[in-house]
Amino acid sequence: MSRLAIAAAILMASATSRAAEPIALRDMGSFHVGGRLVEISGKPVKEVTFTPGGVLIQTWLEGKGLAKK
């Protein structure tokens, strides 16, 4: 039982030491901050199928979103 307690203590100590390190952007891959809010309106409803002979799905291309992010 004491081995389990020691292993748990070591695991907790290693987890807290990793969390204290700062995150560097080079570790996250590509990263971009920016863009603008756009609103699309006046577009017709489209019916599309993703597979030949599949079910028709209606899509609305209107709404708000971020562009150039």
Side-chain angles (χ1 to χ4, degrees):
M1 200 60 148
S2 63
R3 286 184 182 177
L4 181 61
I6 292 171
I10 291 171
L11 181 63
M12 288 175 54
S14 67
T16 56
S17 68
R18 274 191 237 129
E21 296 175 8
I23 297 174
L25 288 181
R26 72 182 185 305
D27 296 336
M28 295 175 65
S30 62
F31 190 80
H32 175 74
V33 176
R36 59 187 171 92
L37 185 63
V38 294
E39 184 173 356
I40 300 172
S41 61
K43 294 286 186 180
V45 176
K46 289 187 177 182
E47 291 185 346
V48 296
T49 58
F50 292 107
T51 57
V55 179
L56 282 174
I57 299 172
Q58 291 184 338
T59 60
W60 289 266
L61 300 175
E62 298 181 346
K64 295 180 180 179
L66 293 173
K68 299 182 180 181
K69 53 181 181 171

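For clarity, every value in this text was computed on a predicted model and none was experimentally measured.
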Using atom types as modelled and distance alone, determine if a side-chain donor or acceptor of E47 lies under 3.5 Å from a backbone N or O of L56.
no
T49 side chain reached by I57 side chain, heavy atoms, under 4.5 Å:
no
For the pair L66 and L37, evaluate side chain to side chain contact (heavy atoms under 4.5 Å, CB included) and give the outcome as yes or no after the intermediate values.
CA-CA 5 Å; L66 293 173; L37 185 63; 4.3 Å; yes
